[in-house]
Amino acid sequence: MTDRPDAKDDNDVIELLLDQHREIRSLFGEVESSSGKERSEVFDRLRRLLAVHETAEEEVVHPNARQAIPDGDRVVDARLSEENESKRLLSELERIGPDAPEFMPQFMELRQAVLQHAENEEREEFPALRANSSEQRLSIMATAVRAAEALAPTHPHPGVESAGANLLTGPFMAMMDRTRDVVRKAVKRT
């Protein structure tokens, strides 16, 4: 998916994000083809990856894109609008749960929104970011994204956030908040 044959997955934020996009696509398929406890487990993995991925983009990739690419504000604002719609849909899915009869129709709506968002990033934001960023900058961003992925919780931990906050924001948003903290710490170290 990249035009750069010399790109290294571990040192290039674009390649890292493209790998995550592939994994997200795969997890959507797994949720769709599973049921019961397996569906719940795969949906949890998908939620975690989406939380890590979107938070890393919001904290690392989008701010760099705003500065580095021509018309960066327009490009990033469009991606953030798409992300907000996906968060809304995901929060609704968390509320109803994977066993609810209305889960799959709403899940397919989420899938459509997330995959369209990924396509837009791959077509518009990522190539422009690559063209306007040094290899060193792409590597620094990859480090921050990897730190978020490695340190983010695999599931919400009771007691980490207040019960009221958890009820208001839901598990996905709580994961995003914790991931955001990890990303910010990683960025400060680089």
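Here the structure is a predicted model, which is why all the values come from computation and not from measurement.
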Should the heavy atoms of other residues, nucleotides or ligands under 6.0 Å from CD of Glu32 be counted, would the total exceed 12?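 Count over threshold, so yes.
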Taking the side chain as every heavy atom from C-beta outward, state whether [X] and [Y] have any pair of such atoms under 4.5 Å apart.
| X | Y | value |
| --- | --- | --- |
| Arg111 | Arg25 | no |
| Pro63 | Glu59 | no |
| Leu49 | Arg45 | no |
| Gln116 | Glu121 | no |

Spacing of [X] atom [atom1] and [Y] atom [atom2] [to the nearest 0.5 Å]:
| X | Y | atom1 | atom2 | value |
| --- | --- | --- | --- | --- |
| Leu90 | Arg95 | CG | CZ | 13.0 Å |
| Arg79 | Glu125 | CZ | CD | 7.0 Å |
| Leu18 | Glu122 | CG | CD | 5.0 Å |
| Gln67 | Ser133 | CD | OG | 10.0 Å |

Check the angle between the aromatic planes of His21 and Phe126 and answer parallel, tilted or perpendicular using the 30° and 60° thresholds.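 Ring orientation, 0 to 90° scale: parallel.
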Indicate yes or no: does Arg74 engage Glu124 in a salt bridge with an N to O separation below 4.0 Å.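 Between Glu124 and Arg74 there is a salt bridge, with a charged N closer than 4.0 Å to a carboxylate O.
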Using a strict 4.0 Å threshold on nitrogen-to-oxygen distance, state whether Arg66 and Glu58 make a salt bridge.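 A salt bridge is absent here (no side-chain N lies under 4.0 Å from a carboxylate O).
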Result of checking Asn120, Leu80, Ile69, Leu129 against Val75 for side chain to side chain contact (heavy atoms under 4.5 Å, CB included):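 Per the side chain to side chain contact (heavy atoms under 4.5 Å, CB included) rule, the option paired with Val75 is Ile69, out of Asn120, Leu80, Ile69, Leu129.
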Hey, any chance Val76 and Val13 share a hydrophobic cluster, counting ILVMFWY side chains that come within less than 4.5 Å of each other, even indirectly?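 Hydrophobic grouping puts Val76 apart from Val13.
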